[in-house]
Amino acid sequence: MTLHIYNTLTRKKEEFKPINPDCVGMYVCGPTVYDFAHIGNARPVIVFDVLYRLLKTLYKDVTYVRNITDVDDKINAKSKETGEDIRTITERTAKAFHEDMAALNAGNPDIEPRATEHIAEMIDMIETLIANGNAYAADGHVLFHVPSMPEYGALSGRNMDDMIAGARVEVASYKKDPADFVLWKPSEEDVPGWESPWGRGRPGWHIECSAMSRKYLGNTFDIHGGGHDLIFPHHENEIAQSCCANKTERFANYWMHNGHLMVEGEKMSKSLGNFFTVHELLEEVPGEALRFYMLSAQYRSPFDFTKDGVREAKSTLDRFYTALRQHNDVVASDVAAPQPFIAALEDDLNTPLAISQLHELLGNFNKDPNPQTKGQLLAAAQLLGILQQDVEVWLKGGSQENSGVDESSIERMIEERKQAKANKDFAAADRIRDELDGLGIVLEDSAQGTTWKRK
RNA sequence: GGCGCGGUGGUAGAGUGGUUAUGCAGCGGAUUGCAAAUCCGUGAACAGCGGUUCGAAUCCGCUCCGCGCCUCCA
């Protein structure tokens with residue numbers, strides 16, 4: 001089995017053939033930094049982190065680029081609303097984003113370019129587009145002229161007539177064609193702006209990805225990813241800009257899009273009160289549980305995020321960690337993840353199937369705790385980015401840091417219970433166990449003694 | 001209106017034209033002072049209607065239902 005990827009461009013699962021087998025390039029659309037990342041923002045981060053881990057085992061070198069959008073009208077609006085300086089907002093939000101994603105065990109990309117640091121590259125690209133006859137300046141704006149690109153619409157599978165028919169937005173007077181989109185727009189005094197051949201202004205939404213991906217990955221690269229909703233218009237417009245500016249037929253060879261999140265069966269929205277930021281969820285659930293939960297469905301499917309689901313993911317991880325603790329004395333061999341597990345991931349990141357392999361490994365390990373199986377289990381888990389932390393920290397930290405008992409009192413009560421058991425005073429022993437249970441502490445007796453964990 | 005995706009057992013969620021997904025929950029058993037953890041066993045599904053086929057939950061068509069996108073939302 002080799003890596004196969006569902007390509008939005010062709011609507012088929014295809015064998016992945018990198019342009020250069022020694023160095024795979026991947027670009028994923030990153031956050032606009034104006035507010036905490038919500039749980040839906042976490043899905044692509046986790047999914048492409050798993051892909052990155054997998055690619056690194058398959059290829060010598062992988063370059064993963066994920067941008068930070070720090071110039072955007074939503075940021076401007078936020079600043080106007082709170083009075084906070086724009087730079088302060090973007091710096092603080094980017095930092096929070098990194099912390100939250102780290103808690104989800106998602107590593108940083110190799111390169112994380114910021115839009116504001118690549119204005120010159122964007123202006124350069126826009127000038128090329130004008131020179132090539134694909135863009136025009138009007139009213140302080142620069143617009144991409146969609147009819148100048150006959151192939152426009154290939155990614156999203158739509159044609160111009162459909163779009164005009166379905167258009168529900170007023171068409172600005174300076175547009176030559178209703179489908180034309182903004183590359184550059186003028187900035188009023190109180191809005192961030194940069195000097196340009198078209199006056200003081202700021203870039204449109206799509207141009208940063210075209211400019212920055214070209215700078216770091218070249219005119220054509222392997223994989224471009226992002227949320228399903230970005231297919232149109234964002235990615236469609238990126239393709240138009242890049243192919244016309246670079247005079248190439250292909251921008252990215254493989255387009256991957258993750259499905260959206262629902263919350264408790266409903267669309268996540270602030271008004272419904274089911275809007276969760278990663279930041280607030282991390283206060284009640286370990287990031288690893290959120291990550292594992294997200295991976296329980298294939299990345300292209302819509303995902304219904306529920307609190308019950310998170311709890312189940314957490315207790316499943318408990319099972320794995322409990323087994324690892326029980327056989328703490330077994331030293332894991334340095335082996336690769338088993339082939340069926342790899343094959344599942346290579347099949348368009350079939351993480352649910354991969355997880356079922358993980359369960360099989362767990363069963364084998366419980367039956368026969370040997371170094372080989374433990375090594376395989378940990379190697380497989382590493383690719384998913386789970387089961388890498390200290391077993392005691394996981395089991396004793398749990399999700400209830402606030403349950404109010406400290407470790408020394410727990411140890412003391414376990415000692416008391418041990419005495420009671422030695423005296424065959426089972427009523428007293430059970431009373432202690434019940435008391436601890438009420439505090440969220442579960443005891444596990446074994447021949448080696450008693451261990452505990454938080455629920 | 002246009003384009004696209006999906007409907008699998010109590011639940012979450014894979015999958016293949018004919019043979020057990022897997023987890024959770026349930027039921028029975030082993031183990032345990034009793035539990036917990038673990039192990040063994042077990043029931044249960046492929047939205048509906050047609051078609052192709054020796055055979056379809058898996059391919060095709062239609063119907064019903066749900067969802068997404070259609071200019072700045074991952």
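Below, chains carry the letters A, B, ... as their sequence lines are ordered, and counting in each starts from 1.
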Subject >> Quiz item: cation-pi between A/Lys421 and A/Phe426, 6.0 Å / 45° >> reply: no
**OP:** State which residue, out of A/Tyr254, A/Phe251, A/Tyr64, fulfils the ring pair (Phe, Tyr, Trp, His ring centres under 6.0 Å) condition with A/His224.
**Re:** A/Phe251
Original post:
Who is the Watson-Crick or G-U wobble partner of B/rC5, with both distances under 3.5 Å?
Top reply: B/rG66
**OP:** For this output row, return yes or no: ring centroids of A/His118 and A/Tyr216 closer than 6.0 angstrom.
**Re:** yes
Original post:
Does A/Arg66 make a cation-pi contact with A/Phe48, if we ask for NZ or CZ under 6.0 Å from the ring centre and within 45° of the axis?
Top reply: no
Original post:
Between A/Glu208 (CD) and B/rC72 (C1'), how many Å, whole number?
Top reply: 11 Å
Original post:
Distance check: side-chain N/O of A/Asn350 vs OP1/OP2 of B/rG15, anything under 4.0 Å?
Top reply: yes
**OP:** Take atom OH of A/Tyr152 and atom P of B/rU71, then tell me their distance rounded to the nearest Å.
**Re:** 10 Å
Original post:
Can you tell me how far C1' in B/rU16 sits from the matching atom in B/rC67, rounded to whole Å?
Top reply: 26 Å
Original post:
Expressed in angstrom and rounded to an integer, what is the separation of A/Trp205 atom CH2 from B/rU71 atom C1'?
Top reply: 9 Å
Original post:
Between atom CD in A/Gln357 and atom P in B/rA14, what is the gap in whole Å?
Top reply: 15 Å
Original post:
Of A/Gly363 and A/Pro352, whose closest RNA chain B nucleotide lies nearer the 5' terminus?
Top reply: A/Pro352
**OP:** Go through the steps to decide whether A/Leu387 and A/Gln382 satisfy the test side chain to side chain contact (heavy atoms under 4.5 Å, CB included), and finish with yes or no.
**Re:** CA-CA 7 Å; A/Leu387 303 182; A/Gln382 198 279 329; over 6 Å; no
Subject >> Charged tip of A/Lys307 within 45° of A/Phe276 ring normal and under 6.0 Å >> reply: yes
Subject >> Phosphate-side-chain proximity, A/Lys367 and B/rC40, N/O vs OP1/OP2 below 4.0 Å >> reply: yes
**OP:** Please check the phosphate of B/rC34 (OP1 and OP2 only) for any side-chain N or O of A/Lys424 closer than 4.0 Å.
**Re:** no
Original post:
Whole Å only: how far is the NE2 atom of A/His327 from the P atom of B/rA37?
Top reply: 14 Å
**OP:** Scan every strand shown for a Watson-Crick or G-U wobble partner of B/rG23, both distances under 3.5 Å, and answer none if you come up empty.
**Re:** B/rU11
**OP:** Could you please name the partner base of B/rU38, counting Watson-Crick and G-U wobble pairs only when both distances are under 3.5 Å?
**Re:** B/rA30
**OP:** Quickly work out the A/Arg300 CZ to B/rG68 P distance and round it to whole Å.
**Re:** 19 Å
Subject >> Near-parallel close stack of A/His228 and B/rA74 base (under 5.5 Å, under 30°) >> reply: no
Subject >> Pairwise P distance, B/rU63 and B/rC3 [rounded to whole Å] >> reply: 14 Å
**OP:** Indicate whether OP1 or OP2 belonging to B/rC39 is found under 4.0 Å from a side-chain N or O atom of A/Asn366.
**Re:** yes
Original post:
A/Arg319 side chain N/O closer than 4.0 Å to the phosphate oxygens (OP1, OP2) of B/rU38?
Top reply: yes
Original post:
Does A/Glu312 or A/Gly259 map to a spot on RNA chain B nearer the 5' end, using the closest nucleotide for each?
Top reply: A/Glu312
**OP:** Rounded off to whole Å, could you give me the CZ-to-P distance for the A/Phe292 and B/rG13 pair?
**Re:** 13 Å
Original post:
Do any side-chain nitrogens or oxygens of A/Ser301 fall under 4.0 Å of OP1 or OP2 in B/rA14?
Top reply: yes
Original post:
B/rC40 C1' sits how many Å from A/Leu362 CG, rounded?
Top reply: 16 Å
